[in-house]
Amino acid sequence: MADDEVVLLDFWPSMFGMRLRIALAEKGVKYEYREEDLLNNMKSELLLKMNPVHKKIPVLIHNGKPVCESRIAVEYIDEVWKEGAQLLPSDPYDKSQAKFWADYIDQKINDLAYKIWATKGGEQEASEKLIECLKVLEGALGDKPYFGGESFGFVDIALIGYNSWFYTYETFGCFNLKEECPNLIAWAKRCMEKESVSKTLPDSNKIYEFVKSLRKMHGIE
Ligand code: GS8
C-alpha cells in the first residue's frame, strides 16, 4: 500500500472529518489533507466532482476514487489498511453492535447539538434531550474502557470528535457534562490520551470561538 495516493477533503471543525483523520492516524496512513472553505460556502471543484450527491466533506479519495460518508469511509479504511489497529470487530455480532451505536450517534447527536448552538429558544429542550442520549451512550459503554471493550475502535471514533464541541454545547445549553455523564467524560479523557485523537481534535476554545463567529454571521448573537 506504499504507493497509494490518499487525499482527504475536510473542514477542520467537522466531527465527521475528525473520524477519518483519527482512523487514518490509527492505521498510520500518509495522506494529503485538503481544507474546504465551507465557512464561505466555497466548495472546491474537486469536492463537487468527488461527492456530487451530497456535496459534503469528508471525502476520502483513494487512488482517485472517492469514498463518501464518514462511517462508510472509516469502515473502508479499516478494510483496506489491515496494518495498524483493527477498528471494527471481526465477530459478526460484535460488528453489528458497533454499527448500531455509531448509527445511534448519527441519528441523534448532531441534530440536537445544532439546536443548542444555532438556535435561540430551543436550547433547553435540546440540551435535555442531548443529555438523555449521552446517558444512553454512557450505559452502552458500561464499565468498559472503550465502547468495543479493551481497545479503541469504531464507536469511539464515531463519538470522540464531539468532545471538542462539548464545551460549546455546555456553554450555550447551560449544563455540565462532568456532572451529568461522569463515566462518559472519563472515557473521553481516556481517548484523548491516544495520539491519534489528541493530535486530531481541535482545542475546545477554538471551536467555541468558531461557533460564536457563526452565530454572529447568522444573526443569533
Ligand atoms: C455528514 C457530513 C456533513 O454533515 C458524514 O460524512 O457522516 N453524514 C455525513 N458534512 C458537513 C460539514 S460537518 O457538519 C458539510 O460538508 N456541509 C456542507 C453542506 O452541507 O453544504
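Positions are given from 1, in the same order as the sequence printed here. Quantities reported herein were computed from a predicted structural model and do not represent experimental measurements. Every number for a ligand or one of its atoms is a count from 1 in the order of the listing.
- For the pair Lys212 and Trp117, the NZ or CZ position fails the cation-pi test of under 6.0 Å to the six-membered ring centre and within 45 degrees of the ring normal.
- Residue Phe16 places a heavy atom less than 4.0 Å from ligand 1.
- Distance check, rounded to the nearest 0.5 Å: NZ of Lys95 to CG of Asp78 gives 8.5 Å.
- Side-chain contact, Glu209 with Ser213: no donor N or O sits under 3.5 Å from an acceptor N or O.
- Looking only at side-chain heavy atoms (C-beta outward), Glu123 and Lys115 stay at 4.5 Å or farther from each other.
- Closest to atom 21 (O) of ligand 1, if we only count protein heavy atoms, is Lys43 NZ, 2.4 Å.
- Counting only N and O atoms by type, the side chains of Glu193 and Ser198 include no donor and acceptor under 3.5 Å apart.
- The number of heavy-atom neighbours closer than 6.0 Å to CD of Gln124, taken from other residues, nucleotides and ligands shown, is 12 or below.
- When Met18, Glu69, Arg71 are ranked by how near their heavy atoms come to atom 9 (C) of ligand 1, first place goes to Glu69.
- Atom numbering of ligand 1 starts at 1 in the shown order; those under 4.0 Å from a heavy atom of Leu38 are 12 (C), 15 (C), 16 (O).
- Any N or O atom pair closer than 3.5 Å counts here, and Ser70 shares at least one such pair with ligand 1.
- For Asn110, no nitrogen or oxygen atom sits less than 3.5 Å from a nitrogen or oxygen atom of ligand 1, counting backbone and side chain alike.
- At a 4.0 Å heavy-atom cut-off, ligand 1 does not touch His54 at all.
- In this structure, atom 20 (O) of ligand 1 lies nearest to the protein heavy atom Lys56 CE, 3.5 Å.
- When the options Asp10, Leu20, Ile57, Ile72 are ranked by their closest heavy atom to atom 2 (C) of ligand 1, first place goes to Ile57.
- For the pair Met15 and ligand 1, no heavy-atom separation below 4.0 Å is found.
- Taking the ring axis of Tyr31 as reference, the NZ or CZ atom of Arg21 does not stay both within 45° of it and closer than 6.0 Å to the ring centre.
- Here is the list of ligand 1 atoms found below 4.0 Å of a heavy atom in Ser14: 13 (S).
- Distances below 4.0 Å separate heavy atoms of Pro58 from the following atoms of ligand 1: 6 (O).
- Side-chain contact check for Tyr167 versus Phe172: every heavy-atom pair is 4.5 Å or farther apart.
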